[in-house]
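For the numbers below, each heavy atom of this structure counts, side chains included, while hydrogens, waters and symmetry mates do not.
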Amino acid sequence: MEVQSDLNKVFQNIKANNLSGAISELEIFLSSHPHQVNSDRLHAILTELQLMADYWKRGFKDPQLPNLYQKLMQRMYVLCANISRQYHISQSSYLLSLQSKVRLSARDFSPLNIREELETFVSEIAMLELEPEHKREARQQTIYAQHQQTMDILFNYLFTSDQWIDSQATSMEDILVSPTVDSYDQQLMIGGIMLSLLEHFDMAKFRTLVHVYERSEDEYVRQRALVGWALTLDSSLAAVYPEQIELVEKLVEQEQCRRELLELQQQLIMTMNAEEDTKTIQRDIIPNLVNGQQFRMTRNGLEEAEEDPMQDILNPGESERKMEQLEESYHRMMDMQKQGSDIYFGGFSQMKRFSFFVELSNWFIPFSIHHPAITEIMKSMGNSRFLQSMVEMGPFCNSDKYSFALAFQQVVSQIPKNILNMLDKGEATLNEVNMAELRKPSYFRLVYLQDLYRFYRLFSQKSCFSSPFDKDRRRYLFCANPIFSRTHLESSFNEITAFLLKRKRMEEAGRVLRNYGASRRDFQFWVMSGYLMQHIGLSIVKDYDDLDCYQEALKLQPDNEKALVGYGRSLFAREMYEEALETYNKLVDINPEKKSYLLNRAVSLTNLGQYTGALKDLYRLNYEAPDDQNVSRVLAWALVCEGKYDAAVKIYNELLKGDVEADDLLNYGYCLWFSGHIDEAADCFHRFLKETGLERDYILQNEAALIREKGITEPEQQLMLFVL
């Protein structure tokens, strides 16, 4: 940790664009951790900086000075990032094992050789058609097995590789968009590049993902590249690599890119809710599905349960009720899936203990029936149309498809024969699978996100990796990245923020709102900012409170109902009852039948001492909703204030029959006191203080003005405190 702390000091200076400070800190670091190559590279940077300073001191005006300085900063960052990467690997036996596999392979990882290997594989698969049929299958398995080993090592190389130079990045980019390279290989490579970027930003790798997103004609590849660059943006290095901002600004000028980023942000939030969705399914849905099923688990496996002939006699209609409940639960789960919920995370999370998931690359590889780990399984289950349907057309991520194929072989012997026959014949198939949806780019992206989420949540060595789903670093909330501020993506911020607010992700919504440029602060911005300040005290704009935000919104839309509601609440909370009354009068004019508007107006009138007007609204509300306790409470208090104690007592007696609220005891106590029932009033106050733990003085301070208005003298007030 001390080593990483020393390196962090270097990075802090780099991010502050302080080259001399970074050099000094790295010199200190290398004095404790000597490395000749690193020292030589640092010396070269220092020498160039000294030359630059010498020319500058002599008064030479070099127009290229800013560019030269920036190049030195970038070289400094590359040097430090490589040192940090190697230190990070050295601290983990698992990461060291990955690097060792790469070195022991003794392979040539030049882009030229990588391309040759990948294209050779495509050619060999194409040439299989020329093989005799009796040799073809064995040859195919050999080719796929060898290629899988090649891709495992290549994936590990991409993850553990140093910072790329520009020529290397350009060559790799060409490989990733080439039609002569297999799409599955390109997708897997993008996963390795993203994994590397998440550990240490690399401008060349980042640029590669951006260009692949722009150039590729393969949607599977494009969507993985989009996820990769969106999750690896690093605004802290904007001064060192302004190219980052230029690339992003150019991308978001395109309407398609903005739409896909909006969808991606929403999908990321839904993906992160997987565990909560799992709890909902296990708590509210699975019990109904299990209770309605017609099978039971025995020591010999799953058996069909016999119907009880007495059931319809003893409980007529019970079968229909269970079936309706079963269908309702099933449709609820399907609706969750349609809305983007990861409904399969909980079930498949238990199936990640197969040896298949020990290999890092297998968490990122697209599903293929030719993967050596499942080739024999698919071959032995070749007649099962159900298995084929599940792995080829099922709405599952790649990781879950591999889990299903691996698990199916183990449980197939326990499935009842009649059920197995249905599965084999294809009579039991997936319902509600919309094939058109499964072919959309948004679905390709969602599948990849679910694969990523499973990796970062379930992989046995997950602690070695920096998760984009980490709630502290918040890479997943990329729309809050300052790089997107004042870009065309801001036009989508309102929709993203509303999406977050709807799902009660308040703090994240606030982060997106803070990323608005000042010129983009429209009506929706001010309303949502006021809402967050009002409900969780989250300040969005410096020196603005919730009242200020709603006032700004009303300047833009003076009669907007939503803004008036928030404004009224803010006024009420500040006891600005005259302004609140004016606001609720406007709201009642807009919607005369809205109970909450009438009730809040009545409360405002009561607090202003205008009891007659308040009672007019309250009598109407009480007549229309006699069981509404909120209306009853306000009505009772207005009657107390008006001096109609007998009517108020009747209402309080009804309120205190149910679950007693502390404020009911307090207000009833005032009613009794004002009407001369002092002993009973003291009893109510005593109960109130016991329940709330408040001091006795609260009784007098809470309604000091009203107590005086009712003619209660100072000695009487003190006597009340005495008896309490």
Quiz item: Any side-chain heavy atom of Tyr213 sitting closer than 4.5 Å to one from Glu260?
Solution: yes

Quiz item: Is the Tyr453 ring parallel, tilted or perpendicular to the Phe469 ring (thresholds 30°, 60°)?
Solution: perpendicular

Exercise. Run through Val447, Asp451, Asn362 and flag the one making a side-chain contact (heavy atoms from CB on, under 4.5 Å) with Ser399.
Key: Asp451

Quiz item: Would you call Glu507 and Arg511 a salt bridge, taking side-chain N to carboxylate O under 4.0 Å as the test?
Solution: yes

Exercise. Keeping the roles fixed (side chain from Arg224, backbone from Arg445), state whether a donor-acceptor pair exists under 3.5 Å.
Key: no

Practice problem: Specify the closest pair of heavy atoms between Gly228 and Met194, including all atoms of both residues, with the distance to one decimal. | Solution: CA-CG, 3.7 Å

Practice problem: Consider only side-chain N and O atoms of Ser161 and Lys205, and report whether a donor and an acceptor are under 3.5 Å apart. | Solution: yes

Self-check item: Main-chain N/O of Phe444 paired to Glu219 side chain as donor or acceptor, under 3.5 Å
Solution: no

Self-check item: Thr271/Tyr448 under side chain to side chain contact (heavy atoms under 4.5 Å, CB included): CA gap, chis, key distance, verdict
Solution: CA-CA 10 Å; Thr271 299; Tyr448 185 46; over 6 Å; no

Quiz item: Got a second to check how far Asn113's CG is from Leu154's CG, nearest 0.5 Å?
Solution: 10.0 Å

Quiz item: Does a side chain donor of either Gln86 or Asn82 reach within less than 3.5 Å of an acceptor in the other side chain?
Solution: no

Quiz prompt | Flag for Thr208-Glu173: side-chain donor and acceptor within less than 3.5 Å | solution = no

Quiz prompt | Asn13 side-chain N/O to Lys9 backbone N/O, donor-acceptor pair under 3.5 Å | solution = yes

Quiz item: Cation-pi between Arg503 and Phe499: NZ/CZ under 6.0 Å from ring centre and within 45° of the ring axis?
Solution: yes

Quiz item: Is the backbone N or O of Pro111 less than 3.5 Å from a side-chain atom of Glu116, with the two atoms forming a donor-acceptor pair by type?
Solution: no

Quiz item: Between Arg505 and Asn273, is any pair of side-chain heavy atoms under 4.5 Å apart?
Solution: yes

Exercise. Determine whether more than 12 heavy atoms belonging to other residues, nucleotides or ligands lie under 6.0 Å from atom CZ of Arg353.
Key: no

Quiz item: Is the shortest heavy-atom distance from the side chain of Gln148 to the side chain of Ile365 under 4.5 Å?
Solution: yes

Quiz prompt | Ring center gap for Phe404 and Phe367 short of 6.0 angstrom | solution = no

Quiz item: Where is the tightest heavy-atom contact between Phe354 and Ser403, given as atom of each residue plus distance?
Solution: CE1-O, 3.9 Å

Quiz item: Do side-chain atoms of Asn156 reach the backbone of Val102 as a donor and acceptor pair under 3.5 angstrom?
Solution: no

Practice problem: Test ring pair (Phe, Tyr, Trp, His ring centres under 6.0 Å) on Phe206 and Tyr241 and set out the steps. | Solution: CA-CA 11 Å; Phe206 179 83; Tyr241 290 111; 9.7 Å; no

Quiz item: What distance do Ile14 atom CD1 and Leu26 atom CG have between them, rounded to the nearest 0.5 Å?
Solution: 8.0 Å

Exercise. Would you check if the side chain of Thr150 reaches a backbone N or O of Gln146 as a donor-acceptor pair within less than 3.5 Å?
Key: yes

Quiz item: What do you reckon, are the aromatic ring centroids of Phe121 and Tyr144 less than 6.0 Å apart?
Solution: yes

Quiz item: Has Glu243 got more than 12 heavy atoms of other residues, nucleotides or ligands less than 6.0 Å from its CD?
Solution: yes

Self-check item: Main-chain N/O of Ile496 paired to Gln266 side chain as donor or acceptor, under 3.5 Å
Solution: no

Quiz item: Between the side chain of Ser216 and the main-chain N/O of Val212, is any donor-acceptor distance below 3.5 Å?
Solution: no

Practice problem: Using a 4.5 Å cut-off on heavy atoms from C-beta on, say whether the side chain of Glu124 contacts that of His147. | Solution: no

Quiz item: Heavy-atom count around Arg107 CZ within 6.0 Å, excluding the residue itself: above 12?
Solution: yes

Quiz prompt | Test side-chain contact (heavy atoms from CB on, under 4.5 Å) applied to Leu231 and Leu197, Leu209, Leu268, Leu226, the passing residue | solution = Leu268

Quiz prompt | Asn67/Lys71 under side chain to side chain contact (heavy atoms under 4.5 Å, CB included): CA gap, chis, key distance, verdict | solution = CA-CA 6 Å; Asn67 185 52; Lys71 292 294 183 184; 4.1 Å; yes

Exercise. Look at the aromatic rings of His33 and Phe29 and report parallel, tilted or perpendicular, splitting at 30° and 60°.
Key: parallel

Practice problem: Apply salt bridge (Lys or Arg N to Asp or Glu O under 4.0 Å) to the pair Arg259 and Glu255, showing each step before the final yes or no. | Solution: CA-CA 6 Å; Arg259 185 182 69 252; Glu255 192 277 332; 3.1 Å; yes

Exercise. State, to 0.1 Å, how close Ala81 and Gln163 come at their nearest heavy-atom pair, and which atoms those are.
Key: CB-NE2, 3.6 Å

Practice problem: State, without any angle test, whether Gln99 and Thr160 hold a side-chain donor-acceptor pair at a distance under 3.5 Å. | Solution: no

Practice problem: Determine whether Tyr402 and Cys397 make a side-chain contact, defined as any pair of heavy atoms from C-beta on separated by less than 4.5 Å. | Solution: no

Quiz item: Do Phe459 and Phe357 have side-chain heavy atoms sitting under 4.5 Å apart?
Solution: no

Exercise. For side chain to side chain contact (heavy atoms under 4.5 Å, CB included), just list the numbers for Ser171 and Arg115, CA-CA rounded to whole Å, side-chain angles, deciding distance to a tenth of an Å, and then say yes or no.
Key: CA-CA 9 Å; Ser171 299; Arg115 181 166 192 153; over 6 Å; no

Quiz prompt | Residue from Gln256, Glu263, Gln223 passing side-chain contact (heavy atoms from CB on, under 4.5 Å) with Pro441 | solution = Gln223

Practice problem: Using the six-membered ring wherever Trp is involved, compare the ring planes of Phe484 and Trp229 and label them parallel, tilted or perpendicular (cut-offs 30° and 60°). | Solution: tilted

Exercise. May I ask you to check whether over 12 heavy atoms, not counting those of Lys462, lie within 6.0 Å of atom NZ?
Key: yes

Quiz prompt | From CA spacing to verdict: side chain to side chain contact (heavy atoms under 4.5 Å, CB included), Lys15, Leu237 | solution = CA-CA 6 Å; Lys15 292 173 182 179; Leu237 290 169; 3.9 Å; yes

Quiz item: Any donor-acceptor pair under 3.5 Å linking the side chain of Ser178 with the backbone of Ile175?
Solution: no

Exercise. Indicate yes or no: does Glu246 engage Lys250 in a salt bridge with an N to O separation below 4.0 Å.
Key: no

Practice problem: Give a yes or no on whether the backbone of Ala204 and the side-chain of Gln168 come within a donor-acceptor separation of less than 3.5 Å. | Solution: no

Quiz item: Where do Leu264 and Ala230 come nearest, in terms of heavy atoms and distance?
Solution: CD2-CB, 3.7 Å

Quiz prompt | side-chain contact (heavy atoms from CB on, under 4.5 Å) partner of Ser361, chosen from Leu195, Leu98, Asp152 | solution = Asp152

Exercise. Indicate yes or no: at least one non-hydrogen side-chain atom of Glu25 is less than 4.5 angstrom from one of Gln12.
Key: no

Self-check item: Donor-acceptor side-chain pairing of Gln187 and Ser183 below 3.5 angstrom
Solution: yes

Quiz item: What closest approach, in Å, do Ile374 and Ala405 show between heavy atoms, and which atom pair accounts for it?
Solution: CG2-CB, 4.3 Å

Quiz item: Does the salt bridge (Lys or Arg N to Asp or Glu O under 4.0 Å) test come out yes or no for Arg475 and Asp470, once each step is laid out?
Solution: CA-CA 7 Å; Arg475 283 187 179 271; Asp470 182 80; over 6 Å; no

Quiz prompt | Side-chain heavy-atom pair Val177, Gln186 within 4.5 angstrom cut-off | solution = no

Exercise. Evaluate whether atom CD of Glu217 has more than 12 neighbouring non-hydrogen atoms of other residues, nucleotides or ligands under 6.0 angstrom away.
Key: no

Quiz item: Minimum heavy-atom separation for Tyr94 to Val358, with atom names?
Solution: OH-O, 4.2 Å

